[in-house]
2 protein chains.
Amino acid sequence: MKRKVSLKDIAQKVGVSTALVSYVLNGQEKQKRVGEEIAQKIKQAAKELNYQPNQIAKSLKSGKTHTLGLIVADIANPFSANIARIIEDEAKQHKYNVVFGSSDENAEKAWDLIKVLLNRQIDGFIIALAENAEEQIQYLKEHHIPFVLIDRYFPEVQASYVALDNFKAAYDGVEHLIRKGYKRIGMINFESGLFHLQERTRAYHQALQDFNLSAEPGWYREVNEDRLKDDMEQHLQQLLLSEEPVEALFLASNKIAINGLKFINERKLRVPEDVAIIGFDETDAYDLFYCPVTHIRQPMAEIGRNAVQALLKLIDGDDTQTQLNLEATLVVKSSC
Amino acid sequence: MKRKVSLKDIAQKVGVSTALVSYVLNGQEKQKRVGEEIAQKIKQAAKELNYQPNQIAKSLKSGKTHTLGLIVADIANPFSANIARIIEDEAKQHKYNVVFGSSDENAEKAWDLIKVLLNRQIDGFIIALAENAEEQIQYLKEHHIPFVLIDRYFPEVQASYVALDNFKAAYDGVEHLIRKGYKRIGMINFESGLFHLQERTRAYHQALQDFNLSAEPGWYREVNEDRLKDDMEQHLQQLLLSEEPVEALFLASNKIAINGLKFINERKLRVPEDVAIIGFDETDAYDLFYCPVTHIRQPMAEIGRNAVQALLKLIDGDDTQTQLNLEATLVVKSSC
DNA sequence: TTTGTATGTTTAAACGTTTAAATTTAGTTT
DNA sequence: AAACTAAATTTAAACGTTTAAACATACAAA
């Protein structure tokens, strides 16, 4: 890679000091009252040499990299990928770049990512927290590193976040099932201490209670992310193919829903006749299923955009915290 | 953000020059024969102060950022997202980070991305080319910037790439249909000058010819990415619901397949009775469709890993080009 | 003529590293 | 004791920017 053109090269060509070149190329010719004629020459030379400023040098000087770090559970998950795209676009609009990393829901990995990205001097983080990551927030706060949480947050820790009103979203979903007349309503959620998932569970129970429906303990099931397929098989078997199957099922995430639908497909169960379904998040799968699936859609674009804007505010030194619990949309199809 | 600990701080604390600290912390204590005792003190101090080297400064000095630029069409597309994840992991193993950008299949945007990332001094690119991007390759080559193409490449331009043997993959798919006894075989592909897509079309025609099947021109259709839904509607209408519908359909990408399946779902067509289907790429949709879809699977992990390895080789100054056309797998389900 | 002011330009230090070269110190040969 | 060698450490420049401060020049005012 032949050495790139630097300020010095331009300075040399025009016959001035690098300072002048810097002033002109940064639009400070007026304030620093650079001579009209020389300014022109400098601009001309910059163009001729196709000068591209070295951002690394700029960063070293300014301490700013104009880069945001994005940490998600897994960039290969459509939810993360979609949000990543939105964040990328929003960041680009503000002339920021995005470096990303996947934590695999693993606090250890998330730590590594944070450390690595910090050493690369990114200006701030957008993070979808892993479980047991309170420490990390604490660290970021102590070191005054700007960050915004998305999707998940810890209610007891003070921090900026842009998330879903998970309770309301899930409540609305379960209520929808109830109003459709289903009485035996089951739910499958991840086995997880994450607040946003627990909120969905809380909403399920609350809704059943509010509408005076009984809730057999066995109707609520938890699956482990790492054994997703097996756990789903096992629980669905019990929920749907036992003596007294549930009539309706609330599947609390896109991955859970996809697995659930696959099971239903394989066993040739009829939706909504044998079991009504309501899913969470979005996936092509919902539309492609023989019976399009009613689901709870998160406002992805809003989440992404708000997160970037909140983060940039923090980076710019405006310390007001942003705490958004956005509303989901119930997309009614024909699965219940 | 309180100022971070620098070499100077450690030097000061121990009472030596920064040079020594640098030597020790970079494991050069032996070659530079740093005193045993002082070396210990330095390490100790570094630990106590929790020293984290400033990578920006290192980069400025070395000209290396240990960061790879990844340019895909759209990070929100599962294909891109999956590859991104694999690339991320492989890069991490070699202590590299990944910055990404989406080109939206738009040469202009891809240019911007390249420029921006170059100014950030990334060490090399992994690129899924947009159409009309020959120039960009030329530019990268002229400037001796290491890069590896994935998924797409221009056969007439000499460059490292890791891609699929699209011709063989598609040929195998069509041959599968033929061997199943289908005679009237249609195909839907993107309207695009991209070589990898054209190869799929070429394979379709070649296979039909090799097996002495007639190929009505109307059986081959092209859709425009931006009008995907409408175009698909229109062509499927003609292909499947006209006087003489095709018996089987080769859908040449995941997006096309998903749209096609949605159409089939809406119109309540039977697969494979009314029409047999073979899809390209992977998507949950294939498994979720009431009749699991036979498809051509790309070896994503191989593509990603090979791309990173090839790129790192180039970065390390080994100029041998990597040109891989990997084989796809035909995943036989029940749609044909 | 001196002083002052406005205008235009350069100098030099700084950001946090790396590293070749110079320097100091101690030890060994003559 | 002089000369040399080896070991340990420092110095200073460099990477490519930015920017406060110093400097130079011209011109007007006293």
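Heavy atoms only: backbone and side chains are in, while hydrogens, waters and symmetry mates are out. Sequence lines set the chain letters: A, B, ... in the order given, protein chains first and strands last, and positions in each chain run from 1. No experiment lies behind these values; they were computed from the predicted model shown.
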Can you tell me if CD on A:Glu156 sees more than 12 non-hydrogen neighbours from other groups inside 6.0 Å? yes
Sub-3.5 Å donor-acceptor pair from the side chain of B:Asp9 to the main-chain atoms of B:Ser6, do we have one? yes
B:Ser80 side chain to B:Ile75 main-chain N or O, any donor-acceptor pair under 3.5 Å? no
Between B:Asp318 and B:Thr320, do the side chains contain a donor N or O and an acceptor N or O under 3.5 Å apart? yes
Return the nearest nucleotide to the side chain of B:Ala19; candidates are C:dG16, C:dT18, D:dT10. D:dT10
Are OP1 or OP2 of D:dA7 and a side-chain N or O of B:Arg33 less than 4.0 angstrom apart? yes
May I have the distance from A:Asn119 (atom CG) to C:dT17 (atom C1'), rounded to whole angstrom? 13 Å
Sugar-phosphate, base or nothing in reach of A:Ile38, heavy atoms under 4.0 Å: sugar-phosphate
Using whole Å, what does the distance between atom P of nucleotide C:dT19 and atom CG of B:Asn26 come to? 8 Å
May I ask you to evaluate whether B:Ser22 reaches the phosphate of C:dT17, defined as a side-chain N or O under 4.0 Å from OP1 or OP2? no
State which of C:dT17, D:dT17, C:dT9 makes the closest approach to the side chain of A:Val34. C:dT9
Whole Å only: how far is the CG atom of A:Asp9 from the C1' atom of D:dG16? 10 Å
How close or far is atom P of D:dT19 from atom OH of A:Tyr23, stated in whole angstroms? 8 Å
Residue closer to the 5' end of DNA chain D, B:Gly35 versus B:Lys61 (nearest nucleotide): B:Gly35
Expressed in angstrom and rounded to an integer, what is the separation of B:Asn54 atom CG from C:dA14 atom P? 17 Å
If I take atom CD1 in residue B:Ile42 and atom C1' in nucleotide D:dT10, what distance separates them, rounded to the nearest angstrom? 12 Å
Take the protein atom CG of B:Leu20 and the nucleotide atom P of D:dA8, then report the distance between them rounded to whole Å. 11 Å
Side-chain atoms of A:Lys58 come closest, of D:dT18, C:dT17, D:dT10, to D:dT18
Taking CG from B:Leu7 and P from C:dA14, how many angstroms apart are they, rounded to a whole number? 17 Å
Report the residue (A:Thr18 or A:Glu36) whose heavy-atom-nearest nucleotide on DNA chain C is the more 5′ of the two. A:Glu36
Quick one: does NZ or CZ of A:Lys141 land under 6.0 Å from the six-membered ring centre of A:Phe147, within 45 degrees of the ring axis? no
Residue closer to the 5' end of DNA chain D, B:Leu60 versus B:Ser17 (nearest nucleotide): B:Ser17
